[in-house]
Amino acid sequence: MRQTWRWFGPDDPVTLAHVKQAGAVGIVSALHHMNRGQAWTDDEMQKRKRLIEDAGLTWDVVESIAVPEAIKTRTGDFRAKIDNHKQSLRAVARAGVKVCCYNFMAITDWTRTDLDWPLANGGTALRFDTVDFCAYDVLVLKRRSAEADHPPERIAEATKRLASWPESKLAQLERNLIDWVPARETVYDRASFLRQLDEYRDITVEGLRQHLFQFVREIAEVAEETQIKLAIHPDDPPFPLFGLPRVNSTQSDTQKLLDAVPSPANGVTLCTGSYGANPSNDLVKMAKAFGPRIHFAHLRNTTREADGSFFEAEHLDGDTDMIGVVAVLRDLESRENREIPMRPDHGHLIVDDIGKKVNPGYSCIGRLKGLAELRGVMCTVDAFRTGKVH
Ligand code: DNO
């Protein structure tokens with residue numbers, strides 16, 4: 001597997017020199033400053049590419065070209081936005097980047113209630129707590145018919161918790177949920193978020209799924225023509241939030257997209273962490289099922305709790321059989337004679353990174369540790385595969 005690393009660009013506190021020291025060879029990056037529906041330009045692609053190559057690395061994956069809400073809802077200027085998206089893909093191809101990751105989540109990108117959840121060892125992790133989420137959704141945001149989306153016991157517990165929270169805890173929760181995430185292109189306040197939710201009032205799951213298929217049919221043509229591989233990222237978390245429709249949370253969701261647009265350019269990002277937070281997803285089975293359509297892998301792990309909450313575990317801990325997944329991917333690579341870019345996704349905040357300015361989930365040392373562990377798994381799996389050890 002090609003060992004890559006997400007780099008948010010020149011403002012990322014983790015520098016390209018750090019990436020080299022971590023031992024990654026490739027970069028995953030995006031033109032975040034051009035990611036609100038405009039067409040990416042050759043100039044900007046070249047500038048970014050030069051920075052990466054001057055550091056002795058290669059730009060392997062674009063993650064992501066953001067998909068504007070107008071495309072997901074198919075309203076307003078969505079036609080122009082699709083044309084821009086196609087132009088961006090062409091610019092990506094001209095710069096020589098071969099894989100493009102994107103997601104099709106309504107309004108929210110990846111969502112956590114807690115970006116700094118204390119671990120027993122003194123580090124911190126990202127966490128999604130269903131009760132905290134319910135407190136915000138039902139009692140603070142007061143979304144219309146939110147009560148129907150949460151069981152009564154959860155609402156009762158959320159009411160109790162909310163009463164004990166200081167203002168600062170509530171403000172942080174709100175920021176985490178609607179007003180911030182690294183590389184989320186659009187952020188909201190309470191009023192604008194409610195307005196945006198309203199745009200989805202009449203869109204059903206099947207409706208949004210058709211919008212996805214229509215969009216992918218169009219961009220897959222450009223991808224085929226320019227020899228780019230599209231890699232849709234799963235919903236994170238892989239269950240509905242804020243009453244919004246979800247269309248890429250489970251194996252069957254993803255399979256529907258692969259079947260609807262059978263082009264080999266239409267593929268997936270196997271994000272073990274995102275899919276893994278839904279107990280119906282068996283990642284080893286999915287890696288086998290998606291096979292040749294896996295164009296990119298995010299390797300990380302989550303531990304699920306009884307009420308649907310989860311936290312990000314160490315890369316080799318948690319509920320996903322990471323060794324099983326890596327073994328399937330290595331097998332696939334050797335059968336198909338190709339290299340799948342992978343990145344150690346997220347990491348705990350540990351050691352000297354504690355107290356530093358970091359992008360939550362994307363500090364250096366936690367990911368470096370994740371990559372080192374995963375590299376160990378790859379080497380060991382290979383040793384067994386090639387008969388060096390029995
Ligand atoms: C979270 C990431 C997401 C993901 C995008 C893909 O850390 O996995 O930001 O990159 O949702 O479009």
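One-based numbering, in listed order, for ligands and for the atoms of each. Predicted model, so just to flag it, every value in this text is computed and none were measured.
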- Item | Verdict with supporting geometry, R90 and R94, side-chain contact (heavy atoms from CB on, under 4.5 Å) | CA-CA 6 Å; R90 291 185 196 282; R94 282 192 293 268; 3.8 Å; yes
If we number the atoms of ligand 1 from 1 as shown, the ones under 4.0 Å from a heavy atom of Y102 are 12 (O)
Among N103, L126, D345, closest by heavy atom to atom 5 (C) of ligand 1 is N103
- Item | Centroid-centroid distance, F213 to H211, less than 6.0 Å | no
By side chain to side chain contact (heavy atoms under 4.5 Å, CB included), K49 pairs with (sequence neighbours left out) Q46, E53, W59, A95
- request: Decide, yes or no, whether a salt bridge links D345 with R300 under the criterion of side-chain N to carboxylate O below 4.0 Å.
  value: yes
Of R6, R300, M105, the residue with the heavy atom nearest atom 2 (C) of ligand 1 is R6
With a sphere of 6.0 Å drawn around CD of E336, does it hold more than 12 non-hydrogen atoms of other residues, nucleotides or ligands?
yes
Margin query: For R112, state whether at least one heavy atom is located under 4.0 Å from any atom of ligand 1.
Written below: no
Note: ligand 1 atoms sitting under 4.0 Å from heavy atoms of H298 are 8 (O)
Distance col, row S64:OG vs Y102:OH, nearest 0.5 angstrom, shows 10.0 Å
Could you go through residues 322-331 and list every donor-acceptor pair under 3.5 Å that involves a side-chain atom there, pairing it with any protein atom two or more places apart or in another chain?
from : atom 1 : to   : atom 2 : distance (Å)
R330 : NE     : D382 : OD1    : 2.7
R330 : NE     : D382 : OD2    : 3.3
R330 : NH1    : E333 : OE1    : 2.5
R330 : NH2    : D382 : OD1    : 3.1
R330 : NH2    : D382 : OD2    : 3.1
D331 : OD1    : R385 : NH1    : 2.7

Ligand 1 to Y362, heavy atom cutoff 4.0 Å, flagged ligand atoms 1 (C), 2 (C), 7 (O)
Can you find an N/O atom of D236 closer than 3.5 Å to an N/O atom of ligand 1? no
Per-atom filter on ligand 1: closer than 4.0 angstrom to a heavy atom of D109 are 3 (C), 5 (C), 9 (O), 11 (O)
H346 heavy atoms within 4.0 Å reach ligand 1 at atoms 1 (C), 7 (O)
